[in-house]
2 protein chains.
Amino acid sequence: MSAQEENVLPMGMFMDLERSGPIPLYFQVSQRIEKAILSGELPAGSRLENEVALGQRLGLSRPTVRRAIQEIVDKGLLVRRRGIGTQVVHGQVTRRVELTSLYDDLTNTHKVPSTHLLTLESQPADAKTAERLGVDEGSPTLHLRRVRLADDVPVAVMENWLPAEFIGIEPTDLVAHGLYQVLRSRGVTMRVARQHIGARKSTAEESALLEIEKSSALLTMDRTAFDNSGRAVEFGQHCYRPDLYSFEVTLVEK
Amino acid sequence: MSAQEENVLPMGMFMDLERSGPIPLYFQVSQRIEKAILSGELPAGSRLENEVALGQRLGLSRPTVRRAIQEIVDKGLLVRRRGIGTQVVHGQVTRRVELTSLYDDLTNTHKVPSTHLLTLESQPADAKTAERLGVDEGSPTLHLRRVRLADDVPVAVMENWLPAEFIGIEPTDLVAHGLYQVLRSRGVTMRVARQHIGARKSTAEESALLEIEKSSALLTMDRTAFDNSGRAVEFGQHCYRPDLYSFEVTLVEK
DNA sequence: GACCTGATAATGTCATGACAACTAGCCAAA
DNA sequence: TTTGGCTAGTTGTCATGACATTATCAGGTC
C-alpha cells in the first residue's frame, strides 16, 4: 500500500549556514526544512534523515538539530516516533496560527485593510474590563470601537479596552494602521494571548455596520493579550462576518 | 506602581523528585511549578528563581530546568525575558487547549456526556472527504453522524468520516464512549489536528436536533486529525450550540 | 543634571558525551 | 506455523561546559 518512502534530504542542502550571523543555527535549519516540506521537496509520509546523521552532515551538534526539528513538529508539519524516525505529516499544509491581528491577517492574504473608527474615548473600567486588564475598577482606560474592512467590504466590528498608558493614541494612527501595529510602534511586544471563540446572532446595529441581514450568525472572539512582562495590554470583544472570516487552529499532542 | 515582587520558590519545594522512575525529571519539575502558579503560591507578576540557581538547588542540570520552564512558557503561564528573568503572566489562569474530543471536555467539566447515534454506515469517499483523509475518491470510508448531549441537553451535531480500516466499529461503542476513546482503544494515538472554526445559521434539522429555534446561530468546527505516523484518521464537521460551548485558545509568540 | 560606561545578572545558543526506551526486522526454537 | 529473543536503528532524556546577548543599575565624567 502506501510505501514508507525513504526520502532523504539532498546532499547539497543546508550547506550555506551563516555561522557568525545573528540568526540562530537551529532557526536556519528549521526554516530550510519547512521550506522543503511546503515546496513538496519532502513529500507527505517521507522520512527525514535521522538526527545524528543530519547533524554530522551539517557540522552541527545533535541538540541543535533536535531543536530545529522540534520547531517544525510544534507547527504540526512533522511527527516523531521513538525507534522509528521523523516523518512528514499527510494532508494539505496550512500556515501556522500566530499571535497576529486581523489587520496583519488581511495584509498577509493580499487584501487591502481599512478602518472606520466609531469610538475613541477615555472610559472608567467596569468590573469585567478591570478584571481582564488587571486594573482597579473605575480606573481610566482607552475604549475604542472600530469596523474593519477588507477591500472595502466590512468584515468585523471590534471593541477594545487598553490600560491608561495608551490614552494618548491618535485617531489618525488607528485609521492608517492596525491596533497591534500601533502598539508595537510604541514599544509594546505582545507575547501571550488568551482567546475565547464563540457565535451568536447579530444585533440590529451590527447588522447595519457589517452590511448583513438582521439576526445573522456572527463569529465572536474575546481576547486578552499580554506583553513580555506579563501585563495585560489589550482586552477586546470582536465579531466577524462568518462568510468572510474563520479561525484556523493547529493542535499538537506532546 | 506594581512592584516587581521578588518571590522565590520556597526552599522545601521540589525535594521529592523521583529520579529512577519513568516520569522525566523536567516533567516532574514543570508540573510542580505549574501547580504552584495555579494554586496562587506563585502570584501573578512574581519572578521565578533563575535557571542556574534553581538547577543547583534541585540537583539538576540547566538544560533540564530550562526544558521544565519552557513547557510552562508554551502553555502561556510564564514569560521569559533575556537579562531580566522569568515572570508569571497576569490574568485569570485557564487550562491549556489540548487535542481532546468533546466527550473528554465534558467529562473534565463534570458533566455527563451521552450520545444519540443517527448514522453509522460504510460510504464511498466523495471528493472533499477523499482529499481530507488522503485516500482515493470512491474508496470506502466509515461515515457516522451523532448528537452529543451534556446532562441530557443536546450540545452538538457531529458528522465524521474515517478510513476503511475502522469500518468494524460497533454502534454500542459509540453510544457508550467518545469517538477518540474508541480510536485510542484500537491502538490509534492522535498527534496532530488542524481545525477551522466558523459560524453559520442552523438548518431546520439541526434546530430540531439541538432543540433550538430555527435559523439560530451555530458555532462550527471542521477538523482533520492525524496519528503518530502522520496519516489522517478522522475528518469531521461539527456544529455546536453557542450558548453551551465555545473554544478556548492560547497563543504564545516565540 | 544629563550622559556615558562598566559591572552584574539573567536568559539564549551551541557543543560533547552518555545512556535509556522503543520499534522493526531477522532468526532460531518450540 | 508460531513464538520468543536478539540486534540494529532512532528518538528521548540528562549532565557538563562554554560563550553570546540583553537589560538593569550604579557610578563617574562632562
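Note that the coordinates shown come from a computational prediction; the quantities given were computed from them, not determined experimentally. Hydrogens, waters and symmetry mates are skipped; everything else that's a heavy atom, side chains included, is used. Letters go in sequence order (proteins before strands), and every chain restarts at 1.
Between the C1' atom of dA9(C) and the CD atom of Gln56(B) lies a distance of 14 Å, rounded to the nearest Å. One interatomic measurement links the two molecules: CZ of Arg80(B) to P of dT21(D), which rounds to 18 Å at whole-angstrom precision. A straight line from CG of Leu54(B) to P of dA15(D) spans 12 Å, rounded to a whole angstrom. Distance Asn228(B) CG to dT23(C) P: 9 Å, rounded to the nearest Å. Glu71(A) places its CD atom 13 Å from the P atom of dG12(C), with the value rounded to the nearest Å. One interatomic measurement links the two molecules: CD of Gln87(B) to P of dA10(C), which rounds to 13 Å at whole-angstrom precision. For the pair Ile23(A) CD1 and dA20(D) P, the computed distance is 18 Å after rounding to whole Å. Rounding to whole angstrom units, CD of residue Gln70(B) and P of dG12(C) are separated by 7 Å.
A donor-acceptor contact closer than 3.5 angstrom links the side chains of Arg146(A) and Asn160(A). At a cut-off of 3.5 Å, with distance as the only test, a side-chain donor of Gln237(A) or Lys128(A) sits close to an acceptor on the other residue.
Side-chain proximity of Pro63(B) to dT16(D), dA15(C), dT11(C): nearest is dT16(D). The side chain of Glu51(B) sits closest to dT11(C) out of dT11(C), dA15(D), dT11(D). With dT11(D), dT23(C), dA15(C) as the candidates, the nucleotide lying closest to the side chain of Arg82(A) is dT11(D). Distance from the side chain of Leu25(A) is smallest to dC14(C) among dT11(D), dT11(C), dC14(C). When each of dG12(D), dA15(C), dT16(D) is scored by its nearest atom to the side-chain atoms of Ser61(B), the top-ranked nucleotide is dT16(D).
Contact check, Arg19(A) against dA15(C): a side-chain N or O comes under 4.0 Å of OP1 or OP2. Between Arg47(A) and the phosphate of dT10(D), there is a side-chain N or O to OP1/OP2 separation shorter than 4.0 Å. An OP1 or OP2 oxygen of dT11(D) is reached within less than 4.0 angstrom by a side-chain nitrogen or oxygen of Thr86(A). Under 4.0 angstrom from either OP1 or OP2 of dT23(C) there lies no side-chain N or O belonging to Arg81(A). Side-chain N/O atoms of Tyr26(A) include one lying less than 4.0 angstrom from OP1 or OP2 on dT13(C). Between Thr64(A) and the phosphate of dT13(C), there is no side-chain N or O to OP1/OP2 separation shorter than 4.0 Å.
The residues Glu165(B) and Arg186(B) are annotated as not salt-bridged, no charged nitrogen and carboxylate oxygen being separated by less than 4.0 angstrom. Ion pair Arg32(B)/Glu41(B) not flagged as a salt bridge, since none of the NZ, NE, NH1 or NH2 atoms sits closer than 4.0 Å to an Asp/Glu carboxylate oxygen. Taking the charged nitrogens against the carboxylate oxygens, Arg194(B) and Glu248(A) have no contact shorter than 4.0 Å, which rules out a salt bridge.
Backbone-only contact: Gly59(B) has heavy atoms under 4.0 Å from sugar-phosphate atoms and none from a base. At the heavy-atom level, Pro24(B) lies under 4.0 Å from the strands shown only through sugar-phosphate atoms. Among the atoms of the strands shown, only primed sugar atoms or phosphate atoms (P, OP1, OP2) are found under 4.0 Å from some heavy atom of Arg67(B).
With DNA chain C read from its 5' end, the first of the two nearest nucleotides for Ile84(B) and Val65(A) is the one closest to Ile84(B). Taking for each of Arg66(A) and Leu60(B) the nucleotide of DNA chain D with the nearest heavy atom, the 5'-most of the two is the partner of Arg66(A).
Atom CD1 of Ile33(A) sits about 11.0 Å away from atom CG of Leu77(A), to the nearest 0.5 Å.
Judged by distance alone, with hydrogens and angles left aside, Arg62(B) brings a side-chain donor or acceptor within reach of the base of dG12(C), the pair sitting under 3.5 Å.
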